[in-house]
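I have placed the structure first, in the form of structure tokens, so that the comments after it can refer back to it.
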2 protein chains.
Amino acid sequence: MSAPVRRKGPSKGDRKQEALLETAERLLATKPLAEIGIEELARGAGISRSSFYFYFESRQAMLLALLSRVSDDLVTQVVECWLEPQSDMRTTVGTSIGLAVQMWDEHGAVLLAAQNPDAPPEAQEFMADLNGRLVAATEDMIDRNRATGAAPAGPPSAHSLATMLVGMTEHTISHNAGALGRAELVDTLTAIWHRAIFAAD
Amino acid sequence: MSAPVRRKGPSKGDRKQEALLETAERLLATKPLAEIGIEELARGAGISRSSFYFYFESRQAMLLALLSRVSDDLVTQVVECWLEPQSDMRTTVGTSIGLAVQMWDEHGAVLLAAQNPDAPPEAQEFMADLNGRLVAATEDMIDRNRATGAAPAGPPSAHSLATMLVGMTEHTISHNAGALGRAELVDTLTAIWHRAIFAAD
DNA sequence: CCCAGAGTCAACACAGTGTCGAAAAAAGTC
DNA sequence: GACTTTTTTCGACACTGTGTTGACTCTGGG
């Protein structure tokens, strides 16, 4: 019986493409996408400017590739675990938000670029979809807690409450990651979530 | 005594400059600054592309002029009235948020452009300053209510609470102005503010 | 009438993007 | 190893948009 077929390692091109993506992510941490030239990306990966177009149609197309690289992490780690029922609400919300903060630490630059109004529609749709899933999960959680009487009924509707809490979380994480300490960030967000959902007026 | 000096009406140049700013604000409502060409702006004001540079050094410089046009409204109407003590907290917060929503209706496009990471540093500083004032006013309000025992003491600290509530409000208004009705938007935001500040855990 | 400065614009230089086709490098086949 | 095929590279080009310059016109006051 012959030895198992030697798996073709990643070709030279695959490695160059990866190098481009890594260069891009590195540069995105220092300045917005619009200010990153193709030349700069290409030199970062050791190829000429026009070779860049062998790998990506444009800078925007590269952003999409960058997003899909990040997408797996994001969907499995954040979306699927978002508000998974745990012992008590406080812990559930706290760990979910903690997870979101960590995800931002790792991929914040890419997500920020995708949120930019100049980003291609696909990128913005990706972000909108992500947001939509988180809102839906939150809405469910609120509805469940209202059904059991643990949380007071609306108004405000579960949907608008969920929209704003998720929005607040995204906004706070992306704008105050540096200014406020991570612990204070998570604790304050958790407290607001808890009060907004469970406190009667 | 001589007749009062005839006030020089706005010169031709002043009118052209105004026309440029109006064209810019109109176009900003439909697409981001980066996608607006100088040519487009110039034609909108009835001058040639190169004449644009007689009025502004660059597209970014024009954004600053646009911002300062909006600044007066913004500072007097929102910053100065933000959380002015009224009958009860609910009303105070509600009317302040309503005011912010209205301001966004009128000048949202310009403010959105100024928030963009590609905007010139001055524009971003302007927004940061605006944000800082609102946070400071909110923080004061929270501290006052804590001092009288109307609101429970922290943690969370008044500062981080204020930061996140203001952030949530900005984010919600700018991202959900269309999707949620204005009334629901104001009511839900108000409810969250009230609970976050006054509810004990 | 003449002048000053306000306003205008065609023509230019330049930087960045994206395309093309020819050539070099790598991989596969006998 | 010589061959074909596919992958990868890049120089040269066309194009678009920006910002600058210098000469021109217009306007109003003395």
Side-chain angles (χ1 to χ4, degrees), chain A residues 2-24 27-28 30-66 113 116-120 122-123, chain B residues 2-24 27-28 30-66 113 116-120 122-123:
Chain A
S2 65
V5 185
R6 180 84 51 86
R7 273 232 148 274
K8 265 210 306 215
S11 72
K12 190 182 174 189
D14 291 341
R15 271 177 286 122
K16 285 286 165 76
Q17 176 155 358
E18 192 55 28
L20 279 173
L21 291 173
E22 265 159 33
T23 306
L27 290 174
L28 272 179
T30 74
K31 54 182 165 183
L33 186 61
E35 283 172 27
I36 301 176
I38 309 283
E39 175 88 51
E40 203 172 354
L41 290 166
R43 262 193 288 108
I47 59 179
S48 80
R49 191 182 64 83
S50 51
S51 288
F52 170 89
Y53 292 97
F54 176 77
Y55 296 102
F56 301 105
E57 284 198 345
S58 64
R59 207 172 32 223
Q60 280 85 25
M62 195 189 55
L63 177 61
L64 294 183
L66 224 33
N116 191 305
D118 300 334
E122 294 95 321
Chain B
S2 65
V5 185
R6 177 85 52 88
R7 271 236 148 273
K8 266 210 305 215
S11 72
K12 191 181 173 188
D14 291 341
R15 270 177 288 120
K16 286 285 166 76
Q17 175 155 359
E18 191 56 27
L20 279 173
L21 291 173
E22 265 159 34
T23 305
L27 290 175
L28 272 180
T30 74
K31 53 182 165 184
L33 186 62
E35 283 173 25
I36 300 176
I38 309 282
E39 174 89 49
E40 203 171 358
L41 290 167
R43 262 193 287 109
I47 58 178
S48 80
R49 192 182 65 83
S50 50
S51 287
F52 170 89
Y53 292 96
F54 177 76
Y55 296 102
F56 300 106
E57 285 197 346
S58 64
R59 209 175 25 225
Q60 281 85 24
M62 195 189 56
L63 177 61
L64 295 183
L66 225 33
N116 190 305
D118 300 333
E122 294 94 322

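Chain letters run A, B, ... following the sequence lines, proteins first and then strands; every chain starts at 1. Just so you know, these numbers use all the heavy atoms, side chains as well, and skip hydrogens, waters and symmetry mates. Fair warning: this is a prediction, and the values are worked out from it, not measured in the lab.
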query = How long is the line joining CG of A:L33 and C1' of C:dG16, in whole Å?
reply = 14 Å
query = Which heavy atom of A:A45 sits nearest a heavy atom of A:T23, and at what distance?
reply = N-OG1, 4.0 Å
Distances under 3.5 Å only, N/O to N/O: pair up the protein atoms with those of nucleotides 15-19 of chain D.
| residue | atom | partner | partner atom | Å |
| --- | --- | --- | --- | --- |
| D:dT18 | OP1 | B:R59 | NH1 | 2.7 |
| D:dG19 | OP2 | B:Y53 | OH | 3.0 |
| D:dG19 | N7 | B:R49 | NH1 | 3.0 |
| D:dG19 | O6 | B:R49 | NH2 | 2.5 |

request  = Could you please name the option among C:dT8, D:dC10, D:dT8 that lies closest to any side-chain atom of B:Y55?
outcome  = C:dT8
task = Take the protein atom CD of B:Q17 and the nucleotide atom P of C:dT8, then report the distance between them rounded to whole Å.
result = 11 Å
key: B:Q17 CD to B:M62 CE distance, which is reported to the nearest 0.5 Å   = 10.5 Å
message = Checking B:A123 now: which residues fulfil side chain to side chain contact (heavy atoms under 4.5 Å, CB included) with it, not counting sequence neighbours?
response = B:L63, B:L64, B:L67, B:A114, B:A119, B:P120
key: A:S51 side-chain N/O to D:dC10 phosphate OP1/OP2 under 4.0 Å   = yes
query = Does any non-hydrogen side-chain atom of B:K16 lie less than 4.5 Å from one of B:F54?
reply = no
query = For A:S51, which residues count as a side chain to side chain contact (heavy atoms under 4.5 Å, CB included) partner, sequence neighbours excluded?
reply = A:I47, A:S48
Write out a two-atom table: protein N or O, nucleotide N or O from nucleotides 21-25 of chain D, distance below 3.5 Å.
none

query = Reckon B:K16 has a side-chain N or O less than 4.0 Å from the OP1 or OP2 of C:dT8?
reply = yes
Just list the side-chain donor-acceptor pairs under 3.5 Å for residues 32-42 of chain B, sequence neighbours left out, or say none.
| residue | atom | partner | partner atom | Å |
| --- | --- | --- | --- | --- |
| B:E40 | OE1 | B:K31 | NZ | 3.4 |
| B:E40 | OE1 | B:G37 | N | 3.3 |
| B:E40 | OE2 | B:K31 | NZ | 2.8 |

ask   = Step by step, would you call A:R49 with A:Y53 a side chain to side chain contact (heavy atoms under 4.5 Å, CB included)?
value = CA-CA 8 Å; A:R49 191 182 64 83; A:Y53 292 97; 4.1 Å; yes
ask   = When the distance from CZ of A:R15 to P of C:dA25 is rounded to whole Å, what number comes out?
value = 16 Å
remark   = CG of A:L20 to CZ of A:R15, rounded to nearest 0.5 Å, is 13.0 Å
task = Grab the CG-C1' distance between A:L41 and C:dG16 for me, whole Å please.
result = 13 Å
task = Measure from CZ on B:F56 to P on D:dT20 and round the result to the nearest Å.
result = 15 Å
request  = Check the distance between C:dA24's P and A:F54's CZ and give it to me in whole angstrom.
outcome  = 18 Å
Can you pull every protein N or O that's under 3.5 Å from an N or O on nucleotides 26-28 of chain D?
none

task = May I have the distance from A:E35 (atom CD) to C:dA15 (atom P), rounded to whole angstrom?
result = 17 Å
query = For the residue pair A:F56 and A:A65, what are the closest heavy atoms and their distance?
reply = CE2-CB, 3.7 Å
